[in-house]
There are 2 protein chains.
Amino acid sequence: MGQGEGQRHATLRTVAQLAGVDVSTASRVLNGTSEDARRAASREKADEIRRVAEELNYRSNPHAASLRTRRTKLIGVIVPRLSDLVLATIYEGIEDAATRLGLSTFVMNSHDEPREQKARTEVALSRRVDGLIFGDAHIDGRFIDEIAERRIPFALVNRRAGNHPSVTCDDYLGGRLVAEHFLELGHERVAVIAGEPYASTGIDRTAGFRDRYREAGIRLPSSRIVHSHFDAAGGRQAAEQLLRGRTRPTAVFAVNDFAAIGVLGTLRDHGLRPGKDVAVAGFNDTPLARELPVPLTTVRSPMHEMGGLAVDLLVRLLDGEQVKSERLAPDLVVRASTDPARLSPVATDL
Amino acid sequence: MGQGEGQRHATLRTVAQLAGVDVSTASRVLNGTSEDARRAASREKADEIRRVAEELNYRSNPHAASLRTRRTKLIGVIVPRLSDLVLATIYEGIEDAATRLGLSTFVMNSHDEPREQKARTEVALSRRVDGLIFGDAHIDGRFIDEIAERRIPFALVNRRAGNHPSVTCDDYLGGRLVAEHFLELGHERVAVIAGEPYASTGIDRTAGFRDRYREAGIRLPSSRIVHSHFDAAGGRQAAEQLLRGRTRPTAVFAVNDFAAIGVLGTLRDHGLRPGKDVAVAGFNDTPLARELPVPLTTVRSPMHEMGGLAVDLLVRLLDGEQVKSERLAPDLVVRASTDPARLSPVATDL
DNA sequence: CATCGTTGCCCAATCGATTGGGTAACTGTG
DNA sequence: CACAGTTACCCAATCGATTGGGCAACGATG
């Protein structure tokens with residue numbers, strides 16, 4: 001109830017009074033388009049208004065403006081969890097783009113739980129966001145469909161669902177690239193750690209990988225496609241399961257770098273040398289990948305860029321434009337975890 | 001300009017009209033305290049108002065309320081970067097606590113740049129946040145002092161500065177714990193990768209470590225305290241610098257897990273076995289630490305909890321209470337990177 | 001029966017901006 | 001000089017809530 005309060009903010013009214021004009025004139029000069037400003041006041045009056053505003057350190061009260069205009073310049077962002085570096089990086093892209101456009105963003109974690117997705121979305125809507133960006137779409141699209149039916153403007157990022165507007169990496173192609181690489185290295189007994197079954201990222205990466213292998217005449221048995229959480233612990237669990245199998249794979253594609261790191265750890269624990277006994281590839285090229293003791297082969301995805309494009313997409317949608325989804329090209333980055341020649345001396349000595 | 005718009009939100013006025021009461025009565029029943037509600041309307045009227053509100057799916061418009069009350073229930077959070085897992089985790093704690101209290105948060109990245117800190121803070125203030133949480137304080141406190149002078153309510157988290165209210169880990173103690181551990185293992189030639197020179201976290205961890213060693217009669221030459229960025233690339237650079245020195249340390253304390261990971265990579269590149277040839281400890285016990293090929297000894301800090309407590313602190317401040325800073329106790333977690341006995345078979349074979 | 005307290009509401013001002021619609025003064029044209 | 005068009009403003013309604021004050025009706029009290 002108390003107040004730490006700084007000095008009260010100057011309002012348009014005080015600015016207008018001191019500048020000797022009506023508040024409407026001050027509004028047009030300070031907050032309107034330059035077109036508005038020109039026709040609202042003469043050169044000198046406008047300068048005077050701006051001078052006074054500057055002096056009083058006037059800042060338009062966004063709540064008052066939103067109340068009147070019904071637009072908040074706020075966008076809600078819902079992600080599974082910001083402590084996932086992939087999402088944090090995408091969010092940074094979102095924030096950069098939003099800031100550049102004078103928009104503000106709210107982020108919330110849904111932990112990929114339908115109930116929380118719903119709850120967070122309602123919170124965002126009750127804050128009257130102009131639109132939403134979802135980084136946590138589930139492939140079944142149930143929740144997203146509902147949002148679409150309510151005609152709430154939104155864009156998906158990182159994961160796609162249905163044909164709702166989205167900005168994603170070309171995950172299918174990414175999976176193919178890894179398969180291509182493994183095939184070149186001569187791996188025939190391979191496995192995929194496929195991520196969460198509801199995430200299009202994992203699904204598409206797996207599909208691309210599987211399809212490329214199939215084209216090479218090699219079928220992946222379903223026992224060598226294991227779902228997992230998108231983190232190191234998840235990768236570890238999945239790897240343990242794979243190693244329990246009768247025939248050990250010679251190469252493992254984890255659809256996420258952190259899961260791949262878990263795989264590296266598990267291999268060591270089992271006395272296997274990553275990059276030599278078993279090849280490992282990840283996805284996303286997180287900054288850690290190249291710094292690991294055994295640097296990780298991975299697929300670089302434009303995470304930051306995806307965030308920015310998602311904002312652009314949403315803004316175009318808010319402007320009533322017709323939009324279409326974007327799919328950005330990934331790159332394969334080969335490092336020691338799949339290429340023994342690149343292993344450091346000590347690791348090669350193994 | 002266009003509108004994707006969903007159906008218009010119901011307002012208090014329509015609810016009041018349908019329930020046959022004045023809007024003020026509806027306001028007290030729906031948005032006031034239960035005390036207000038009781039004296040504003042009879043049992044039956046109140047129930048009727050709530051029924052209508054429910055039916056119309058009424059949500060109070062926070063902008064209208066803020067305009068009138070001058071409180072926004074918004075708090076601004078400024079961190080160096082959310083793609084740093086430590087900050088992302090702290091932010092999750094902040095978000096959880098805020099949600100529980102019915103507050104919303106804005107996060108922004110300052111990249112530890114004074115200019116951006118200033119700019120983001122102004123953005124938050126122009127959004128009329130009730131208070132701020134800074135996770136990016138610099139030890140010199142210049143910027144923070146300025147904010148304090150403007151009597152803007154805020155709390156610091158993770159890093160302290162001056163005697164502004166903060167919630168931190170007891171970093172000094174954390175540093176001592178690592179030193180204690182290294183001493184027990186018999187390490188006398190040790191080094192510290194100390195993080196950014198302006199972050200209290202690195203400063204205090206280094207100081208605790210240095211002091212404990214001094215008490216054991218061992219002085220750290222300044223050449224063995226190297227500053228670095230708080231990420232794997234930073235750790236790698238710092239480690240390279242240390243290995244260039246004449247006398248190689250037998251143990252390295254990196255004040256951050258990611259920097260420690262960079263050290264592990266560098267050691268390998270130089271043909272040195274982490275945990276055997278050189279002991280390595282990190283700080284924060286990020287989830288990755290235990291999953292690495294060579295699991296990392298580190299100091300567990302209560303990141304999530306710190307975030308929640310920072311919110312509590314800020315809220316108490318906003319309520320006009322006198323508050324004092326909190327310093328939470330860390331724990332040492334010993335793993336293979338400092339203890340050869342714990343190395344996995346293949347690593348021991350090295 | 002006059003008085004006093006409650007109970008249960010309603011009135012109306014207010015927060016700070018936006019915006020459609022005036023209108024007075026001035027300029028240019030025929 | 002009459003008239004149209006432009007320039008440079010001002011007026012006032014409005015967005016959706018909050019909140020101090022007022023007041024009628026009713027029961028209790030002396």
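Lettering of chains follows the sequences in order, A, B, ..., and the numbering in each one begins at 1.
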Legend entry - Whichever of T11(B) and G20(A) has its nearest DNA chain D nucleotide further upstream toward 5': G20(A)
Counting only side-chain heavy atoms from C-beta out, which of [options] sits nearest to [X]?
X      : options                   : value
S27(A) : dG16(D), dA17(C), dT18(C) : dT18(C)
N61(A) : dA17(C), dC9(D), dC9(C)   : dA17(C)
T25(B) : dT19(C), dC10(C), dA8(D)  : dC10(C)
S42(B) : dA17(D), dG8(C), dC9(D)   : dG8(C)
S24(B) : dG8(C), dC11(C), dG16(C)  : dC11(C)

Rounded distance in Å - [atom1] ([X]) to [atom2] ([N]):
X      : N       : atom1 : atom2 : answer
R70(A) : dC15(D) : CZ    : P     : 7 Å
L56(A) : dG16(C) : CG    : P     : 13 Å
R38(A) : dT7(D)  : CZ    : C1'   : 12 Å
L67(A) : dT18(D) : CG    : P     : 12 Å
D22(A) : dT23(C) : CG    : P     : 16 Å
L30(B) : dT19(D) : CG    : P     : 14 Å
K73(B) : dT18(D) : NZ    : P     : 10 Å
E35(A) : dT7(D)  : CD    : C1'   : 13 Å

Remember a base hit wins even if backbone is also touched, and classify [X] as base, sugar-phosphate or nothing at under 4.0 Å, heavy atoms.
X       : answer
R128(B) : nothing
S66(B)  : nothing
V23(B)  : base

Legend entry - 5′-ward residue of the pair A41(B)/G32(A) relative to DNA chain C: A41(B)
Legend entry - Nearest-nucleotide 5' precedence on DNA chain C, L12(A) against R43(B): R43(B)
Should [X] be listed as having a side-chain N or O under 4.0 Å from OP1 or OP2 of [N]?
X      : N       : result
R68(B) : dA13(C) : no
N31(A) : dT18(C) : yes
T69(B) : dT19(D) : no
R28(B) : dA17(D) : no

Charged N-O contact under 4.0 Å between [X] and [Y]:
X       : Y       : value
E55(B)  : R51(B)  : yes
E35(B)  : R39(B)  : yes
D136(B) : R120(B) : no

Using only heavy-atom distances, determine whether the side chains of [X] and [Y] contain a donor-acceptor pair under 3.5 Å.
X       : Y       : answer
Y91(A)  : T105(A) : yes
R160(A) : S325(A) : no
R128(B) : S66(B)  : no

